[in-house]
Amino acid sequence: MKRSGQFFKDVYEVAKLIPKGRATSYGAIAAYLGSKGSARMVGWAMNNAHAISNVPAHRVVNRNGLLTGKQHFGNGNQMQELLESEGIKVKDNQIQNFDKVFWNPTVELL
DNA sequence: TTGCTGACGGAGG
DNA sequence: ACCTCCGCCAGCA
């Protein structure tokens with residue numbers, strides 16, 4: 001078993017806890033895990049998350065609500081379609097009303 | 001082994 | 001307000 005760092009593992013667990021119709025940011029997850037400055041690692045973990053089941057990486061975007069990682073979903077706008085399928089409005093790779101759909105693990109999971 | 005890159009974010013100019 | 005640089009740390013050449 002490739003034991004990725006505990007950090008990655010935690011990222012996966014938090015990602016799985018993101019409610020349907022909600023989204024969070026890389027930085028928010030990193031902050032929740034205690035590594036505020038490691039937002040990039042969260043993104044990296046998401047890349048690896050494709051190997052894990054039930055990890056809704058499409059619900060994780062950058063702090064602007066921009067679907068920066070959509071290009072990693074293989075098909076063109078699959079990430080956007082998944083989000084819209086859950087009720088999240090997306091326009092031009094950006095989540096609309098991001099402040100409403102934003103799910104802050106530091107607050108929600110606390 | 002060393003160095004560069006990367007699904008980000010905050011600080012500085 | 002806009003643009004640029006630095007830090008975070010794991011993976012890969």
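Note that this is a predicted model, so its numbers are computed, not measured. Throughout, protein chains are lettered first and strands after them, A, B, ... in sequence-line order, and every chain is numbered starting at 1.
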Can you check the [X] [atom1] to [N] [atom2] distance for me, whole Å?
X       : N      : atom1 : atom2 : answer
A:Met46 : C:dC8  : CE    : C1'   : 16 Å
A:Phe7  : C:dG11 : CZ    : C1'   : 14 Å
A:Ile29 : C:dA10 : CD1   : P     : 17 Å
A:His50 : B:dA7  : NE2   : C1'   : 9 Å
A:Asn48 : B:dG6  : CG    : C1'   : 13 Å
A:Asp10 : C:dC8  : CG    : P     : 19 Å
A:Met41 : C:dC9  : CE    : P     : 9 Å
A:Gln6  : C:dC9  : CD    : P     : 15 Å

Mind running side chain to side chain contact (heavy atoms under 4.5 Å, CB included) on A:Val55 and A:Lys16 for me, showing each step along the way?
CA-CA 5 Å; A:Val55 179; A:Lys16 289 178 184 176; 3.9 Å; yes

Heavy atoms, side chains only, cut-off 4.5 Å: are A:Ile88 and A:Phe98 in contact?
no

Could you walk me through whether A:Asn54 and A:Tyr12 satisfy the side chain to side chain contact (heavy atoms under 4.5 Å, CB included) test, starting with their C-alpha distance in whole Å, then the side-chain angles of each, then the deciding distance to 0.1 Å, before giving a yes or no?
CA-CA 9 Å; A:Asn54 298 327; A:Tyr12 303 141; over 6 Å; no

Would you say NZ of A:Lys89 has more than 12 non-hydrogen atoms from neighbouring residues, nucleotides or ligands within 6.0 angstrom?
no

Is there a donor N/O on one and an acceptor N/O on the other, under 3.5 Å, for the side chain of A:Arg40 and the base of C:dC8?
yes

Of A:Asn62 and A:Trp44, the one whose closest nucleotide on DNA chain B sits nearer the 5' end is A:Trp44

Under 4.0 Å, heavy atoms only, any strand: does [X] hit a base, just the sugar-phosphate, or nothing?
X       : result
A:Asn47 : base
A:His58 : nothing
A:Ala45 : nothing

Listed by chain and number, what are the ring-ring contact (aromatic ring centres under 6.0 Å, His included) partners of A:His50, not counting sequence neighbours?
A:Phe73

Of the listed nucleotides (B:dG9, C:dC8, B:dG6), which one gets closest to any side-chain atom of A:Ser38?
C:dC8

With the side chain of A:Ala57 defined as its heavy atoms from C-beta on, choose the nearest nucleotide among B:dG9, C:dA10, B:dA7.
B:dA7

Under the salt bridge (Lys or Arg N to Asp or Glu O under 4.0 Å) rule, what pairs show up with a residue in residues 58-78 of chain A, not counting sequence neighbours?
A:Arg59-A:Glu86

Side chain A:Ser38, main chain A:Ala30, donor-acceptor under 3.5 Å:
no

B:dA7 versus C:dC3 - spacing of their C1' atoms, nearest Å:
22 Å

Using a cut-off of strictly less than 4.0 Å between a heavy atom of the residue and any atom of DNA chain B, enumerate the qualifying residues of residues 64-84 of chain A by number.
A:Thr68, A:Gly69, A:His72, A:Phe73

